[in-house]
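Order of the sequence lines fixes the chain letters, A, B, ..., with proteins taken first and strands second; residue numbering starts at 1 for each chain. Scope of the values below: all heavy atoms of this structure, side chains included, with no hydrogens, waters or symmetry mates.
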2 protein chains.
Amino acid sequence: MPERKPRADAVRNREAVLAAADRLFARSDSPEHVSMADIAAEAGVGKGTLFRGFGDRTGLIRALHETRLEPIRQAVVDGPRPLGPGTPPAERAPALLDALLCFKLDHRHLSLALEEAGSGSPYGAGHYDWWHDTLRGVLEDLPGFGDGDFAAHALLAAVRADLVDHLVDRHGASRERLRAELAAYTAKLLHGSYQDVRTAHAG
Amino acid sequence: MPERKPRADAVRNREAVLAAADRLFARSDSPEHVSMADIAAEAGVGKGTLFRGFGDRTGLIRALHETRLEPIRQAVVDGPRPLGPGTPPAERAPALLDALLCFKLDHRHLSLALEEAGSGSPYGAGHYDWWHDTLRGVLEDLPGFGDGDFAAHALLAAVRADLVDHLVDRHGASRERLRAELAAYTAKLLHGSYQDVRTAHAG
DNA sequence: ACTCAAGCGGACCGCCGGTCCGCATCGTAT
DNA sequence: ATACGATGCGGACCGGCGGTCCGCTTGAGT
């Protein structure tokens, strides 16, 4: 099956749509108020073009999210300290969460849209499984941490887009304050189990 | 201002609507597929009655949730160990989370519906603030725990309805397994900071 | 029994995500 | 340059949703 190469106007429109969606999500106060028709109008194309190119609303949001997340993904898969794979786990786990938090702060409405889009939840839409697998692996490399499956879920839940949004909007939390609190929380969790290990070895 | 007492058929209909909604949410696979028209039909009333009695969809779900949650709320506010206020915090915090988890397991679709309903997130709809204040207070009663605000948010995020639903549906996790994992996670967090205190005292 | 306001119900509205198909446009073969 | 088939475009259109409205029914005080 030979790869059909897409037409020039198709790729142009695709870019225009992604750019328009990004603008509208960033501008709007709530992503659910950005309709597909709005995006089409902003991009200067017909609605049919959206659905032809991305399947449905979820597909569009996912595609947009993917392009924005790619740098971070690369940094985690194959990058330098502290995100890359060469980092010791006690340093890498907080770094991963911090990076994710920063991403959600920088792309609040887009992240919000994505987590709403996935048929009602973030699980299954977006790169949740990838994040979870990665974080879980790092946690389980910590000596004595044990099963990291649930802990990874719980830690990822602590940086969910709607929680971040709530803390920023309602509580007026600043970026640095949130990062500090997340770091403190993570440290409390990891430090605790690490101390358990030292205690066990000592006893 | 004299309290107008409602008409008999009004209260009858109100009960019928709540019961119908409960049935439909429990039966359906996804709460977003339960429409207001469905609920009205199941209850044998007109759609107008729903909106007259509950304002909007969110109001109906919130009212239903309130009736189901009331026993637990009572047990927390003014009940015996381990949920009640007389419990030492190191025991009460896990108990609160366990109770909340069990509630979400017992009323999965209702909880899911509630967390979707609150204009896109659980914060602001439902009793989130009450849970947060309560848990935060308990955490901060732990000696040496420090600020419990973010930790309370993070712990509550670990039992969010859609995460629970995801773990049960996709991962096939059993009720007891989830409870155990949540307990282990909570213990890891609390134990850690508790040990910090002992270390500090010892040093 | 009479009254009348409280309450009911379902036709109706605007909006949304998603579909469809006649038509314009692109890339290519000539 | 031209002609032609495939690719993609666009917006009218659809079903279904949450929510409103108003003429009619019915409960409850006298």
Side-chain angles (χ1 to χ4, degrees), chain A residues 1-21 24-25 28-64 112-120 125, chain B residues 1-21 24-25 28-64 112-120 125:
Chain A
M1 26 176 42
E3 274 285 320
R4 291 238 154 265
K5 71 172 175 179
R7 256 165 52 171
D9 54 346
V11 295
R12 212 181 336 121
N13 279 332
R14 187 181 174 89
E15 295 304 313
V17 166
L18 286 175
L24 287 184
F25 279 128
S28 84
D29 43 342
S30 174
E32 66 210 9
H33 295 143
V34 178
S35 75
M36 295 299 268
D38 291 339
I39 297 174
E42 172 82 13
V45 304
K47 243 173 51 163
T49 304
L50 295 206
F51 290 94
R52 165 168 284 272
F54 300 96
D56 58 6
R57 185 184 166 90
T58 301
L60 169 55
I61 293 171
R62 201 183 306 209
L64 181 53
L112 220 40
L114 181 74
E115 297 192 6
E116 282 172 11
S119 64
Chain B
M1 30 177 29
E3 275 283 321
R4 289 240 154 263
K5 72 174 176 180
R7 254 165 53 171
D9 55 345
V11 294
R12 214 183 331 124
N13 278 333
R14 188 182 173 88
E15 295 303 313
V17 166
L18 286 174
L24 286 184
F25 279 128
S28 85
D29 41 343
S30 175
E32 66 210 10
H33 295 144
V34 178
S35 74
M36 295 300 267
D38 291 339
I39 298 174
E42 172 82 12
V45 303
K47 244 174 52 162
T49 304
L50 295 206
F51 289 94
R52 164 168 287 270
F54 300 96
D56 58 5
R57 185 184 166 89
T58 301
L60 168 55
I61 294 173
R62 200 183 305 209
L64 180 53
L112 220 41
L114 181 72
E115 297 192 5
E116 282 171 10
S119 63

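Side-chain nitrogen and oxygen atoms of R57(B) include at least one within less than 4.0 Å of the OP1 or OP2 phosphate oxygen of dG18(D).
Here the CG atom belonging to D9(A) is positioned 9.0 Å from the OG1 atom belonging to T49(A), to the nearest 0.5 angstrom. Taking CG of L60(A) as the start and CZ of R62(A) as the end, the distance is 11.5 Å to the nearest 0.5 Å.
Map G48(A) and S35(A) each onto its nearest nucleotide of DNA chain C; the residue landing nearer the 5' end is S35(A). When each of A8(B) and A37(B) is assigned the nucleotide of DNA chain D with its nearest heavy atom, A37(B) is the one assigned upstream, toward the 5' end. Residues R52(B) and D56(B) each lie close to DNA chain D; by heavy-atom proximity, the contact nearer the 5' end of the strand is made by D56(B).
Rounded to whole angstrom, the span from the CZ atom of F54(A) across to the C1' atom of dG8(D) amounts to 14 Å. The interatomic distance linking F51(A) (CZ) with dC21(C) (P) rounds to 17 Å, in whole Å. Protein atom CD1 of I39(A) is 16 Å distant from nucleotide atom P of dG11(D), rounded to whole Å. In this structure, the CG atom of D38(B) is 12 Å from the C1' atom of dG18(D), given to the nearest Å. A straight line from CZ of R7(A) to C1' of dG10(D) spans 13 Å, rounded to a whole angstrom. One can place CG of L50(A) at 14 Å from P of dC16(C), the figure rounded to the nearest angstrom. Between K47(A) atom NZ and dC21(C) atom C1' there is a gap of 15 Å when expressed in whole angstrom units.
Summarising the geometry of L24(B) relative to E42(B), their closest heavy-atom pair is CD1-CB, 3.8 Å, with the distance given to 0.1 Å. Nearest heavy-atom pair, A16(B) versus A43(B), reported as atom, atom and distance to 0.1 Å: O-CB, 3.8 Å. Minimum interatomic distance between A20(B) and I39(B) (heavy atoms only, all atoms of both residues): CB-O, 4.0 Å.
Less than 4.0 Å separates DNA chain D from at least one heavy atom of each of the following residues of residues 9-16 of chain A: D9(A), A10(A), N13(A).
Between the side chain of S35(B) and the backbone N or O of D38(B) there is at least one donor-acceptor pair closer than 3.5 Å.
Residues L112(B) and F25(B) are not in side-chain contact: their nearest non-hydrogen atoms beyond the backbone lie 4.5 Å or more apart.
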